[in-house]
Structure formats: structure tokens, C-alpha cells
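Written out below as C-alpha cells is the structure these notes cover.
Just the heavy atoms: all of them, side chains too, but no hydrogens, waters or symmetry mates, feed the values below. No experiment lies behind these values; they were computed from the predicted model shown.
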Amino acid sequence: MMIAIKEQINIEEAIQSVYADNAGGVDVFIGKVRDQTKGKQVLELVFEAYEPMAISEMKKIAELAKQKFEISHISIVHTVGVKKVGDTAVVIAVSAPHRKAAFAACEFAIDTLKETVPIWKREVFEDGDVWVAAHP
């Protein structure tokens with residue numbers, strides 16, 4: 001299991017961290033910085049976190065996912081700092097004996113992360129910037 005806040009995310013490292021002999025499948029969600037929001041050109045995103053609480057909440061999500069779904073391992077890695085279009089913002093990797101549990105746990109983890117983890121995002125446009133609500 002890997003639970004981390006990092007300046008740069010190594011996607012392969014997150015995936016490797018959930019490999020298990022009993023896992024028949026690995027599901028991975030990769031959140032990227034997109035180039036537009038509501039029709040406006042995004043230049044960059046700035047992520048800030050209250051890291052001790054963010055890590056604690058991410059660990060709770062991982063434990064809840066293990067309780068709710070038949071999974072082998074889960075890793076959650078989120079970024080902080082300035083990110084350009086195309087950069088990776090978050091990676092969630094889940095391994096499970098069967099794919100349905102891996103898919104369900106991965107979706108649960110990203111949805112819950114957006115609701116509960118104290119990570120904030122500021123979108124920067126050509127004409128200014130705005131803090132974005134965590135709940136889209």
C-alpha cells in the first residue's frame with residue numbers, strides 16, 4: 001500500500017505497489033490536468049494540502065475500501081504544487097482477485113477522496129484564477 005502526497009507522481013511505482021499473487025486484476029485511475037474548464041482555457045492548476053490530515057484521510061479511504069470490497073491492495077497518491085496541462089494530479093491503483101471489486105474500489109476511492117481529503121485546487125486562466133470547490 002502506498003499513501004502519499006508528492007510533488008511528482010510516479011504512476012508505475014503506484015501500480016507496482018499493489019501487485020499481489022492473488023490479484024487477477026489491477027484497476028488504475030489517473031487524474032490529469034485538463035486544458036479547459038467551463039469553456040475557459042486552463043493554464044495551470046495549483047494544488048495545496050494540509051498534508052498530515054490529507055494522509056490520515058487517504059489512509060481511512062484505503063481501509064474503508066478494503067472493508068467494503070474484496071481487494072488485495074490499494075494505493076492513493078495525490079500531487080501538490082503547480083501542475084501544467086497533461087500533468088498527473090492523482091493516481092489510485094487497486095488490485096483484487098476479480099475485476100468488479102477492483103473497479104468498484106477504485107471509483108469509491110476517488111469519489112471519497114474528492115469529498116473528504118483536505119486538498120485544494122486553484123485554476124489559473126489567462127484572465128485570473130479561482131479556487132475550485134472539491135465537489136464538482
Side-chain angles (χ1 to χ4, degrees):
M1 180 168 81
M2 174 189 301
I3 304 295
I5 303 283
K6 296 185 171 193
E7 292 273 335
Q8 296 293 324
I9 295 176
N10 182 327
I11 296 169
E12 188 58 33
E13 180 184 36
I15 294 169
Q16 291 284 333
S17 72
V18 300
Y19 281 172
D21 288 342
N22 73 334
V26 174
D27 188 59
V28 181
F29 173 80
I30 301 170
K32 308 286 277 184
V33 176
R34 63 177 174 262
D35 66 351
Q36 291 195 18
T37 294
K38 299 178 182 173
K40 290 183 74 171
Q41 184 70 40
V42 173
L43 300 179
E44 62 189 24
L45 297 181
V46 181
F47 292 96
E48 294 184 11
Y50 177 53
E51 194 167 331
M53 186 178 285
I55 294 291
S56 174
E57 290 300 313
M58 291 161 66
K59 286 179 180 175
K60 287 180 189 174
I61 292 168
E63 290 304 318
L64 277 173
K66 287 181 180 178
Q67 292 171 16
K68 292 177 67 84
F69 308 99
E70 187 182 335
I71 63 174
S72 303
H73 298 288
I74 181 169
S75 287
I76 304 171
V77 185
H78 204 292
T79 194
V80 289
V82 177
K83 300 299 162 199
K84 299 294 185 188
V85 171
D87 285 350
T88 300
V90 60
V91 173
I92 296 174
V94 178
S95 63
H98 305 287
R99 69 180 178 274
K100 283 189 177 183
F103 283 127
C106 199
E107 182 176 26
F108 167 80
I110 187 63
D111 289 348
T112 307
L113 182 146
K114 286 184 162 279
E115 292 176 6
T116 66
V117 177
I119 296 174
W120 302 277
K121 176 172 71 173
R122 183 167 51 94
E123 291 177 325
V124 179
F125 308 102
E126 288 182 356
D127 61 348
D129 61 281
V130 62
W131 286 99
V132 179
H135 312 290

Pairwise distance [atom1]([X]) to [atom2]([Y]) - rounded to 0.5 angstrom:
{"X": "Ile92", "Y": "Ile76", "atom1": "CD1", "atom2": "CD1", "result": "5.0 Å"}
{"X": "Ser56", "Y": "Glu51", "atom1": "OG", "atom2": "CD", "result": "12.0 Å"}
{"X": "Glu63", "Y": "Lys59", "atom1": "CD", "atom2": "NZ", "result": "9.5 Å"}
{"X": "Ile15", "Y": "Ser95", "atom1": "CD1", "atom2": "OG", "result": "11.5 Å"}
{"X": "Asp129", "Y": "Leu45", "atom1": "CG", "atom2": "CG", "result": "11.0 Å"}
{"X": "Leu64", "Y": "Thr112", "atom1": "CG", "atom2": "OG1", "result": "7.5 Å"}

- Message: Once ring-ring contact (aromatic ring centres under 6.0 Å, His included) is applied, what residue pairs with a partner in residues 12-39 remain, sequence neighbours excluded?
- Response: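 Passing the test, one end in residues 12-39: no pairs.
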- Can you run down the ring-ring contact (aromatic ring centres under 6.0 Å, His included) pairs that involve residues 84-122, sequence neighbours left out, and say none if there aren't any?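 Only Phe69-Phe108 qualify under ring-ring contact (aromatic ring centres under 6.0 Å, His included).
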For residues [X] and [Y], determine if any side-chain heavy atom of one lies less than 4.5 Å from a side-chain heavy atom of the other.
{"X": "Ile5", "Y": "Ile119", "result": "yes"}
{"X": "Lys84", "Y": "Val33", "result": "no"}
{"X": "Pro97", "Y": "Glu70", "result": "yes"}
{"X": "Glu123", "Y": "Lys38", "result": "no"}
{"X": "Val80", "Y": "Glu7", "result": "yes"}

Look at atom [atom1] of [X] and say whether more than 12 heavy atoms of other residues, nucleotides or ligands are closer to it than 6.0 Å.
{"X": "Gln36", "atom1": "CD", "result": "yes"}
{"X": "Glu126", "atom1": "CD", "result": "no"}
{"X": "Glu107", "atom1": "CD", "result": "no"}
{"X": "Lys40", "atom1": "NZ", "result": "yes"}
{"X": "Gln16", "atom1": "CD", "result": "yes"}
{"X": "Arg99", "atom1": "CZ", "result": "no"}

- Task: Of all the heavy-atom pairs spanning Ala4 and Met58, show the shortest one and how long it is.
- Result: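 Taking every non-hydrogen atom into account, O-CE, 3.4 Å.
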- Taking the side chain from Gln41 and the backbone from Phe125, do they hold a donor-acceptor pair closer than 3.5 Å?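 No, the answer is negative, given that no donor and acceptor are paired below the 3.5 Å cut-off.
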- Item | Path from Val42 to Val124 over hydrophobic side-chain contacts below 4.5 Å |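 No; tracing contacts between hydrophobic side chains, which count when under 4.5 Å, never links both residues.
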- Consider only side-chain heavy atoms of I, L, V, M, F, W and Y, link residues closer than 4.5 Å, and tell whether Ile61 and Met2 are in one cluster.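 Hydrophobic grouping puts Ile61 apart from Met2.
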- Query: Per the side-chain contact (heavy atoms from CB on, under 4.5 Å) rule, which among Met53, Glu57, Lys60 passes with Val117?
  - Reply: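 Of the listed options, the one satisfying the test is Glu57.
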- Query: In a check of side-chain hydrogen bond (donor to acceptor under 3.5 Å, both in side chains) between Thr88 and each of Lys6, His78, Lys83, Lys32, which one passes?
  - Reply: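 Single pass found, and it is Lys32.
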